[in-house]
Number of protein chains: 2
Amino acid sequence: MSEDQSCIIHHFSHYCSLTKEEKALLVSLEENPTDIKAGSLLWEVGDPAKEFCTLHSGWAYSYRHLESGDRQILEIYLPGDIIGLREFAFSQRLENVCMITDGVVCHFPHKRLLEIFRQSVPLTSVVFAIASRHQALVTERLVTLARRSARQKTAHFLYEMYLRLRQTNGDIDRQFRLPLSQEQLADILGLSPVHVSRTFSLLSEEGLVFRDRHNVTIPDLKALAAAGEFDDCYLHDDVRPLFDLSA
Amino acid sequence: MSEDQSCIIHHFSHYCSLTKEEKALLVSLEENPTDIKAGSLLWEVGDPAKEFCTLHSGWAYSYRHLESGDRQILEIYLPGDIIGLREFAFSQRLENVCMITDGVVCHFPHKRLLEIFRQSVPLTSVVFAIASRHQALVTERLVTLARRSARQKTAHFLYEMYLRLRQTNGDIDRQFRLPLSQEQLADILGLSPVHVSRTFSLLSEEGLVFRDRHNVTIPDLKALAAAGEFDDCYLHDDVRPLFDLSA
DNA sequence: CGTTGTCTTGATTACGCTCAACTCAGGTGG
DNA sequence: CCACCTGAGTTGAGCGTAATCAAGACAACG
């Protein structure tokens with residue numbers, strides 16, 4: 001994987017400018033690209049956890065099964081994301097991870113992260129910053145799942161996905177592809193598939209969201225954000241400049 | 001704050017054995033102890049975020065307000081915890097933090113963490129491990145809040161608190177003090193205060209949990225864990241030995 | 001043209017919310 | 001010492017959102 005193909009470098013560049021050595025370190029994380037099919041599992045709960053994974057292309061999600069048979073999707077991963085950071089402190093996987101679309105992933109062992117810790121304080125900070133941003137995302141969804149209505153949950157999720165996609169893919173304008181079935185949406189939003197359908201109908205009647213198969217159109221972004229009580233401070237792109245801290 | 005008073009050292013020692021230099025680094029995080037009263041705020045959403053805080057004694061919680069007027073409590077902090085890790089990548093606070101009881105906190109600036117990154121790879125790993133464990137906790141609660149019944153939520157929360165308290169305070173046996181009002185419990189569990197009351201009555205009828213004011217008794221731990229569908233792999237104490245990774 | 005899976009719509013049910021009245025313990029002042 | 005107040009917790013009645021169950025629509029595919 002060369003430097004300009006690297007999603008990781010692209011991702012990390014958001015946080016600070018990288019030296020040649022740092023870029024080389026990051027590129028080395030992606031030296032084992034593996035093709036992987038939609039629907040296949042990267043790993044399951046209980047598997048040994050000795051590696052991370054960068055998602056080079058395609059979408060993935062992590063999820064947990066409940067005893068009731070329900071499923072809760074925890075996170076959607078987009079290209080450039082690192083999968084499995086949460087399990088750094090554990091010897092076993094806590095979550096299943098499944099590909100949504102075909103894609104390419106690059107495995108690298110936990111100890112590679114320690115090399116980063118050893119060799120570059122700025123990269124260490126960026127890894128930490130990325131982890132803390134992911135955490136912010138999860139926290140925001142916790143609030144939404146715990147307290148908000150189906151309509152708010154749905155609006156919130158769609159707006160969040162819109163922002164995340166725009167961050168990596170500047171050319172998105174009010175329309176994007178969302179390769180998720182209603183069952184998967186239900187598992188994300190903590191709703192039943194039936195109610196997801198109803199909620200989309202409602203949002204469509206209100207003119208907030210139009211959906212045709214897997215294509216989503218959002219005529220009025222602000223209105224959608226308002227409907228989801230979306231507070232975007234947890235996704236802001238004006239990242240705290242990390243070099244300030246080193247001073 | 002001397003070495004044997006340090007909650008941080010106690011906390012970090014769970015993850016790896018510490019050299020003298022590393023202990024000194026950690027002690028330096030706690031050089032500014034501040035007394036703080038129950039009910040007072042450490043900070044609020046929007047405040048500048050340039051510091052972390054170690055909680056030396058007392059309990060605290062972080063929370064968010066919703067437009068509806070509801071509140072969601074995100075995390076309960078116990079002595080030894082670091083507060084504010086999540087905001088490392090942000091310039092503003094994303095959450096309010098409030099003391100539950102009187103306590104002592106120690107502020108230290110973000111850049112102190114960078115010194116740790118610079119000076120000790122093991123400590124860096126431990127910080128990372130702690131962050132990833134906190135994240136696992138939040139994720140677990142996300143699943144619970146999104147999918148489980150009031151009875152399960154309550155049982156799950158109580159069992160989790162029991163385990164966390166036992167981890168730091170080995171002498172706990174089926175009974176502990178839980179200094180939370182039902183309103184606060186409601187804000188944690190995503191329920192109304194009224195329903196928290198009903199749920200405790202139910203658990204009490206079932207003989208699973210007895211509560212007298214702020215004292216909680218759990219006659220049968222396994223039964224409570226089962227009622228909360230508690231899977232304790234995310235709290236396991238057999239921490240992945242970090243030095244293995246450095247090899 | 002039938003089959004399959006996904007989505008939609010309708011009818012019924014249930015869990016937890018809201019509102020309101022009541023209990024109870026602790027604290028305060030006469 | 002008692003009367004009163006306050007705040008937390010409990011209990012009851014009615015309601016609403018979303019779940020469940022079931023039937024039907026629709027598209028993709030063989």
Side-chain angles (χ1 to χ4, degrees), chain A residues 38-39 66-73 100-101 143-158 177-206 209-217 227-229, chain B residues 38-39 66-73 100-101 143-158 177-206 209-217 227-229:
Chain A
L66 305 202
E67 291 183 13
S68 62
D70 291 331
R71 220 169 59 134
Q72 180 62 42
I73 291 181
I100 296 170
T101 64
V143 172
T144 300
L145 291 183
R147 290 287 175 186
R148 303 210 241 239
S149 67
R151 177 173 170 274
Q152 289 174 312
K153 288 179 188 178
T154 308
H156 193 279
F157 173 73
L158 290 173
R177 187 176 151 72
L178 187 75
L180 297 168
S181 69
Q182 291 202 352
E183 192 182 349
Q184 289 169 326
L185 286 166
D187 290 341
I188 293 168
L189 299 173
L191 299 170
S192 65
V194 173
H195 205 64
V196 169
S197 171
R198 288 190 223 276
T199 305
F200 268 98
S201 302
L202 174 68
L203 289 173
S204 176
E205 278 170 34
E206 295 182 281
V209 172
F210 298 100
R211 191 182 38 129
D212 175 39
R213 316 285 299 138
H214 285 160
N215 289 309
V216 172
T217 309
E229 283 194 18
Chain B
L66 306 202
E67 291 183 14
S68 62
D70 291 332
R71 220 168 60 130
Q72 180 61 42
I73 291 182
I100 296 171
T101 64
V143 172
T144 299
L145 291 183
R147 291 286 175 187
R148 304 211 240 239
S149 67
R151 176 173 172 274
Q152 289 174 312
K153 287 180 189 179
T154 308
H156 193 278
F157 173 74
L158 290 173
R177 187 176 150 73
L178 187 74
L180 297 168
S181 68
Q182 292 202 353
E183 191 182 350
Q184 290 168 326
L185 286 166
D187 290 341
I188 293 167
L189 300 173
L191 299 170
S192 66
V194 173
H195 205 64
V196 169
S197 171
R198 288 190 224 276
T199 305
F200 268 97
S201 303
L202 175 66
L203 289 174
S204 177
E205 279 170 34
E206 294 182 282
V209 172
F210 299 100
R211 191 183 38 130
D212 175 39
R213 319 282 299 137
H214 285 159
N215 289 309
V216 173
T217 309
E229 285 194 14

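Computed from a predicted structure; not experimentally measured. Here is how names work: the chains are called A, B, and so on, in the same order as the sequence lines, proteins then strands, and each is numbered from 1.
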Would you say the side chain of A:Thr144 lies within less than 4.5 Å of the side chain of A:Gln152, judging by non-hydrogen atoms?
->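 Counting from C-beta outward, A:Gln152 and A:Thr144 never come under 4.5 Å.
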
Non-hydrogen side-chain atoms of A:Leu189 and A:Thr199 separated by less than 4.5 Å = no

Stepwise side chain to side chain contact (heavy atoms under 4.5 Å, CB included) test for A:Val143 and A:Arg148 | CA-CA 8 Å; A:Val143 172; A:Arg148 303 210 241 239; 4.3 Å; yes

Does a nitrogen or oxygen in the side chain of A:Gln182 sit under 4.0 Å from OP1 or OP2 of C:dG5?
->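 No.
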
Is the phosphate of D:dG7, meaning OP1 or OP2, less than 4.0 Å from a side-chain N or O of B:Ser181?
-> no

Please work out if A:Arg211 contacts a base, only the sugar-phosphate, or nothing of the nucleic acid, heavy-atom cut-off 4.0 Å.
->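 Since only primed, P, OP1 and OP2 atoms lie under 4.0 Å of A:Arg211, the category is sugar-phosphate.
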
Could you pick out which residue, B:Ser201 or A:Arg198, lies toward the 5' side of DNA chain D when each is mapped onto its nearest nucleotide?
->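 Checking each residue's closest nucleotide, the 5'-ward one belongs to B:Ser201.
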
Atom-pair distance ([atom1] on [X]; [atom2] on [N]), nearest Å:
{"X": "A:Asp70", "N": "D:dA18", "atom1": "CG", "atom2": "P", "value": "16 Å"}
{"X": "A:Leu180", "N": "C:dT6", "atom1": "CG", "atom2": "P", "value": "13 Å"}
{"X": "B:Gln184", "N": "D:dA8", "atom1": "CD", "atom2": "P", "value": "9 Å"}
{"X": "B:Asp187", "N": "D:dG9", "atom1": "CG", "atom2": "P", "value": "12 Å"}
{"X": "A:Arg147", "N": "D:dA18", "atom1": "CZ", "atom2": "P", "value": "14 Å"}
{"X": "A:His195", "N": "C:dT8", "atom1": "NE2", "atom2": "P", "value": "13 Å"}
{"X": "B:Leu189", "N": "C:dG16", "atom1": "CG", "atom2": "P", "value": "11 Å"}
{"X": "B:Leu203", "N": "C:dG16", "atom1": "CG", "atom2": "P", "value": "12 Å"}

Heavy-atom count around B:Glu183 CD within 6.0 Å, excluding the residue itself: above 12?
->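 12 or below, so no.
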
Side chain of [X] only, heavy atoms from C-beta on: which candidate in [options] is closest?
{"X": "B:Ala150", "options": "D:dT20, C:dG16, C:dT18", "result": "C:dG16"}
{"X": "B:Ser197", "options": "D:dT10, D:dA18, C:dC17", "result": "D:dT10"}
{"X": "A:Val194", "options": "D:dT11, D:dC21, D:dA18", "result": "D:dC21"}
{"X": "A:Leu191", "options": "D:dA22, D:dA19, C:dG16", "result": "D:dA19"}

Short question: side chain of A:Thr154, backbone of A:Ala150 - any donor-acceptor pair under 3.5 Å?
->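 Checked: pair present.
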
